[in-house]
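Every chain is numbered from 1 and lettered A, B, ... according to where its sequence line falls, protein lines coming before strand lines. On a predicted model such as this, the values are computed, not experimentally measured, just so you know. Computation of the quantities below employed the complete heavy-atom set of this structure, encompassing side-chain atoms and omitting hydrogens, waters and symmetry-equivalent molecules.
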Protein chains: 2
Amino acid sequence: MSPRRVTLADVAKAAGVSRTTASLVLSGRGRELRISQDVEQRVLRTAEELQYRPNIVSRGLRTGTTRTIGFVSDTVATSRLAGDMIKGALEAARDRGFMLFIGETEGDAELEHLLLQAMQDRQVDGLILASMFTRTIKVPKAVTAMPAVLLNALPKKPAPLPAVLPDEVEAGRRAARVLLDAGHRDGIHLIGAGPSLRDRPSESLAAVERLVGIREAFGAAGVKVAGARACPDWLPEYGLAATRDLLRTAQPRALICFNDRIAMGAYQALDDFGLKVPADVSIVSFDDHPIASWMRPPLTTVALPHYELGRKAVDVLFAEIDRDRTGGDRVGEVHRVAMPVRIRESVAPSSAVQPLG
Amino acid sequence: MSPRRVTLADVAKAAGVSRTTASLVLSGRGRELRISQDVEQRVLRTAEELQYRPNIVSRGLRTGTTRTIGFVSDTVATSRLAGDMIKGALEAARDRGFMLFIGETEGDAELEHLLLQAMQDRQVDGLILASMFTRTIKVPKAVTAMPAVLLNALPKKPAPLPAVLPDEVEAGRRAARVLLDAGHRDGIHLIGAGPSLRDRPSESLAAVERLVGIREAFGAAGVKVAGARACPDWLPEYGLAATRDLLRTAQPRALICFNDRIAMGAYQALDDFGLKVPADVSIVSFDDHPIASWMRPPLTTVALPHYELGRKAVDVLFAEIDRDRTGGDRVGEVHRVAMPVRIRESVAPSSAVQPLG
DNA sequence: ATCGGGCGCTAATCCGATTTAGCAATGGAG
DNA sequence: CTCCATTGCTAAATCGGATTAGCGCCCGAT
């Protein structure tokens, strides 16, 4: 079919040198191994003319390194959120001449096993194990044998694996501060989780951490949260139900919704009760889901830094690969990536009359 | 670091046979090459015990096939829409023991070139060239040298490349029929494109094809579209503006929005004018964006079959790889994937009094 | 006894690079 | 004039499989 690829042997022959010499020159080790300027130039020029490109498969066989990393997620590739994570990883990898194998496990341990095997059969240089939701995962033992990074996840059992996660606690603080900065001190309700750390969707690490941050920031400001409703899952319908429920008995001035889909439901409930955002009720949320900017009014939210998470995971993985190569010890550091606040139009200054007592 | 992998040589030695024999047995060609039952069983058992897995890199070097395909898109990996496309491709590939390299070009020809090179350096068996929006693309010449498929795109210049696309014309017909079936014959407006085929976002193939289908179905039913507004881009704000503009001068009974984001804007405009969906105005749309089911009322829309597109592209690619192997001729067939209607709650039966004339 | 042929398995080569070990030529020192 | 070092390059092994060519052995036929 296609004209055969130009190989190192072709270059060597055309330049009138041995394969060894050609290889030496092209790998940049010609200088230290005393190849003459003359020959070096000749090889370089020939390679250029012939448009020689080294075959990475072959190199991989010899050196064991394929300039490839495996990106395994539970179901990450499918969600918009996670698409950015992949994009970040893709770009960071590309900067170093690496490619990404993508794989989805759908939470199936058997599939995960197969996938990891398939990647190891292809001699990937490292692995990124990503999770759709921030949570703890069981680390397959196959992973511990090679450079790997957890993305958006923590190991269930302590393992010497580095992890990259969004800084949810700080995000919680930031959400709270958005309201505090706008002068809100009363009638602040939480929708999605709380008041206790146990009131949240199961397995949701983010819920706990956000709640911790929120309580911390309010605590430091001497502000008490008026109330909270947990949701079994963070979907619009639960946000709608919880907010409706709240509105039957209370008159909130501000809501912190635990994610944008919850907020979407809250918007609807408020609308049903004839309440305006942000004139009557301010709302701040988390995630910066694409819909956040389409909602009316556009939603102020603390963004999940998917793109940055992906990039960071690759950076950490490269450090890990280096460590592996140089025989360093595994550490298992946890890296937190900042979650930026996206100020939009769902928060208004508090006009509440401060209660006398 | 990790304990060395078990190789074919290990299996052969442990089973007391030559590498050749072991290879023959394990590749299933033992029978035809007269390896005895006894030896065959011994090799198989040994391989099992040692947990032998062939090194695909090595095999790739010898056979030239890496059981890997490259998925190159302009920016597809990043959008939720496209995530499903990748997911479909991933699963279809997995069914055959193939892995996917993912790459994004961001519309940059230079990057695309680099990416294709990187993939060829890794000896991918085939390529999928995907586009985020349905459109025509310039096919890099590197692609024509190997099995490849266009996904969600058509070649700008005629090329013997198969393409996989959503069946947009039929989708247009289906959208129209949803309204016709509900009894709508009057006050039907188009938001996003039309009335002429030229009134549409540039480069949007989907717009043209949907419009063709819509006109065809209405034409066949003897129904005339009351009006149409084109949008420079299919975003909520333009949908909002176009619909507002429409409402100032007309009283539509039904809208066909050219995608869900346009529909989202239309919902807002109708809400502003105190009109209810679907009681006052029925709406049908395209894409089945995730928000479509979260809108209130949930939006009836003709879905882009991303997952199926991804699967289909892989299927077609495998056919292409086979063709390449067996020396068949390239054809360049266009495959259309059906767009299913998602009936939700934004369309109500027409209660309009039929005009006498 | 010899030969042809099927059977059952293996030696050797190849894929395209990297890497180790080492060879030939040159020049300077002794 | 010999010996050793250095310079500049190459032969050969290696990675882990797939594949081609072919080697012994045993059997029946001549």
Side-chain angles (χ1 to χ4, degrees), chain A residues 2-44 46-47 50-68 97 120-123 125 325, chain B residues 2-44 46-47 50-67 120-123 125 325:
Chain A
S2 36
R4 201 177 53 78
R5 258 180 94 100
V6 174
T7 70
L8 183 64
D10 296 331
V11 174
K13 193 196 287 182
V17 300
S18 70
R19 271 155 47 209
T20 306
T21 304
S23 173
L24 256 24
V25 168
L26 292 171
S27 63
R29 306 205 308 141
R31 204 40 67 72
E32 85 190 66
L33 278 162
R34 310 167 310 217
I35 302 294
S36 68
Q37 295 267 352
D38 178 40
V39 169
E40 174 164 0
Q41 286 310 312
R42 191 141 39 93
V43 170
L44 254 21
T46 310
L50 264 41
Q51 299 213 56
Y52 168 72
R53 310 211 86 227
N55 179 326
I56 295 191
V57 173
S58 162
R59 179 183 287 174
L61 179 59
R62 180 67 231 254
T63 65
T65 170
T66 52
R67 304 188 76 72
T68 298
Q120 278 171 335
D121 293 348
R122 286 171 177 77
Q123 308 226 120
D125 296 324
R325 215 160 31 72
Chain B
S2 35
R4 200 178 53 78
R5 258 180 94 100
V6 174
T7 71
L8 184 62
D10 296 331
V11 174
K13 193 196 288 181
V17 301
S18 71
R19 271 154 53 212
T20 306
T21 304
S23 173
L24 255 24
V25 169
L26 292 171
S27 63
R29 306 205 309 140
R31 205 39 68 71
E32 86 191 63
L33 279 163
R34 310 171 308 219
I35 301 293
S36 67
Q37 294 267 352
D38 179 39
V39 168
E40 175 165 0
Q41 286 309 312
R42 190 142 40 92
V43 170
L44 253 21
T46 310
L50 264 41
Q51 299 212 57
Y52 168 71
R53 311 211 85 229
N55 179 324
I56 294 191
V57 174
S58 161
R59 181 182 284 173
L61 180 57
R62 179 67 229 252
T63 65
T65 168
T66 52
R67 304 187 76 73
Q120 277 170 338
D121 293 348
R122 286 170 177 77
Q123 308 223 122
D125 297 324
R325 215 159 30 72

Find the distance between [atom1] ([X]) and [atom2] ([Y]) and round it off to the nearest 0.5 Å.
| X | Y | atom1 | atom2 | result |
| --- | --- | --- | --- | --- |
| B:Asp10 | B:Arg19 | CG | CZ | 11.0 Å |
| A:Ser36 | A:Arg42 | OG | CZ | 7.0 Å |
| B:Lys13 | B:Leu8 | NZ | CG | 12.5 Å |
| A:Gln123 | B:Ser58 | CD | OG | 8.5 Å |

Exercise for review: Taking the side chain as every heavy atom from C-beta outward, state whether A:Thr46 and A:Tyr52 have any atom pair closer than 4.5 Å.
Suggested key: no

Find the distance [X]:[atom1] to [N]:[atom2] and express it as a whole number of Å.
| X | N | atom1 | atom2 | result |
| --- | --- | --- | --- | --- |
| B:Gln41 | C:dC9 | CD | P | 13 Å |
| B:Leu24 | C:dC9 | CG | P | 10 Å |
| B:Lys13 | C:dC9 | NZ | P | 20 Å |
| B:Arg34 | C:dT10 | CZ | P | 13 Å |
| A:Gln37 | D:dT7 | CD | P | 15 Å |
| B:Leu26 | C:dT10 | CG | C1' | 16 Å |
| B:Glu40 | C:dG8 | CD | P | 12 Å |
| A:Arg42 | D:dG8 | CZ | P | 14 Å |

Review item, nucleotides 13-16 of chain D N/O atoms under 3.5 Å of protein N/O:
| residue | atom | partner | partner atom | Å |
| --- | --- | --- | --- | --- |
| D:dT14 | O2 | A:Arg62 | NE | 3.3 |
| D:dT14 | O2 | A:Arg62 | NH1 | 3.0 |
| D:dC15 | O2 | A:Arg62 | N | 3.4 |
| D:dG16 | O4' | B:Ser58 | OG | 3.4 |
| D:dG16 | N2 | B:Ser58 | O | 3.3 |
| D:dG16 | N3 | B:Ser58 | OG | 2.5 |

**Study point:** Any A:Thr21 side-chain N or O less than 4.0 Å from OP1/OP2 of D:dT10
**Key:** yes

Point to revise | Under-4.0 Å salt bridge between B:Arg59 and A:Asp121 | key: no

Study note, to complete from the structure: Shortest non-hydrogen pair, A:Arg67 vs B:Arg122, comes out as O-NH2, 2.7 Å

Study note, to complete from the structure: Considering only heavy side-chain atoms of B:Ser18, the closest of C:dA11, D:dC9, C:dT20 is C:dA11

Practice item. Ignoring hydrogens and angles, answer whether the base of D:dT7 and the side-chain atoms of A:Ser36 contain a donor-acceptor pair closer than 3.5 Å. Key: no

